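Just below is one structure, and these are the notes that go with it.
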Amino acid sequence: MPVPMVGRAAELDELRRAWERVRGGGRCVPAVVTGLPGTGKSTLAAAAVQVAAPEVVLSGSARLHSPAPYDWLAAVLAALCPRPELPVPPAALAWLAQDPDVPRERYAPDALLRLAVTAVRALVGDRPAVLLVEDLHALDPASLNLIAELAGADLPALLVVTSRPPDTAAHPALAARVLERLAGIPGGVRRQLSPLAAPQVGQILGHAFGDAAPDLAEVVWRRTGGNPYRITELLAAVDGPDHLAEHLREPVDLTAREREVLGCLAAGRSNKQIAGALGISVRTVTVHVSNLLRKTGAASRTEAALWAVQRDAGARTG
């Protein structure tokens with residue numbers, strides 16, 4: 001069951017006004033939407049594109065595996081069938097598009113960046129466009145530099161960027177600088193998405209079940225932390241308000257290793273300390289912590305640790 005977008009009306013209206021500035025001024029207007037995983041960044045960005053209804057939409061994101069230079073532009077070009085003629089040397093275009101048969105001829109990084117900007121300018125032309133950059137935090141350095149250049153370009157485009165906090169990025173320092181540059185451009189938009197409040201969770205339940213589940217909103221909010229993605233997962237597992245209530249009463253099923261990691265969180269240990277104590281890698285600890293946040297509905301490590309303490313207290317008094 002799809003979860004409707006609630007609690008983001010102000011953000012969507014601000015993006016709509018930014019689009020009007022693009023249409024009226026002809027310059028690039030960056031709109032940065034940041035937030036933790038699952039807070040609805042992509043949903044908001046998609047709604048903004050739908051409201052704007054531009055003639056040109058150039059959309060791209062990072063590759064999940066084996067990121068390479070200019071992933072964003074390569075994704076944009078891959079979606080264009082057939083690929084239009086562009087004022088870029090064929091050899092350079094092959095590099096930018098990540099074609100399998102890349103010529104041996106190489107370009108200096110600055111030269112390739114200028115050609116990447118030229119390619120985007122040609123794709124946009126003089127038509128107001130939306131440039132959609134999903135998951136900036138996962139992008140390669142070349143793509144990050146390109147986004148920074150486009151933000152300051154004389155280009156009739158709304159540059160919509162979604163990103164997790166820069167300290168979680170693949171290239172934290174560069175991602176932070178790019179986000180700062182985008183936020184500093186006059187007329188730009190910077191929105192940080194927070195978890196939904198309990199009344200907003202109630203709106204989602206009302207959409208799903210009508211007026212049959214008014215008392216469940218607080219419980220769902222606590223279980224999911226108001227995270228729209230976690231709410232989606234929860235609703236996908238039930239087929240009605242009675243089933244939801246029953247599901248919420250069920251104990252959270254944790255693996256033995258997850259219980260060990262949770263105990264370490266409750267003791268205030270860092271991921272590195274947990275890895276050393278349990279004899280596993282830091283990356284594996286990160287996966288376990290992510291699973292714990294999802295299963296317990298905690299929005300942070302601190303909330304997960306508090307959940308563990310409350311659970312243990314309940315077990316002692318039960």
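Computed from a predicted model, the values in this text were never measured in an experiment. Reckoned from all heavy atoms, side chains included, excluding hydrogens, waters and symmetry mates.
Take E180 and apply the salt bridge (Lys or Arg N to Asp or Glu O under 4.0 Å) test, not counting sequence neighbours, and it matches no residue.
Between the W72 side chain and the S59 main chain, no donor and acceptor come within less than 3.5 Å of each other. Judged by distance alone, the side chain of D13 and the main-chain N or O of A9 form no donor-acceptor pair under 3.5 Å. No donor-acceptor distance shorter than 3.5 angstrom exists from the side chain of R257 to the backbone of H288, with no hydrogens or angles considered. Here the side chain of D140 pairs a donor or acceptor atom with the backbone of D71 at under 3.5 angstrom.
Side chains of L36 and L193 form no contact here, defined as non-hydrogen atoms less than 4.5 Å apart. L292 is listed as a side-chain neighbour of V261, based on a closest heavy-atom distance under 4.5 Å.
N227 and T224 are not linked by any side-chain donor-acceptor pair at a separation below 3.5 angstrom, with hydrogens and angles left out of the test. If you check the side chains of S42 and E134, you find a donor sitting under 3.5 Å from an acceptor.
The two residues A31 and L15 make their nearest non-hydrogen contact at CB-CD2, 3.4 Å.
Heavy-atom contacts from other residues, nucleotides or ligands closer than 6.0 Å to OH of Y229 number 12 or fewer. Under a cut-off of 6.0 angstrom, the local environment of CG in D167 is crowded, with over 12 non-hydrogen atoms contributed by other residues, nucleotides or ligands.
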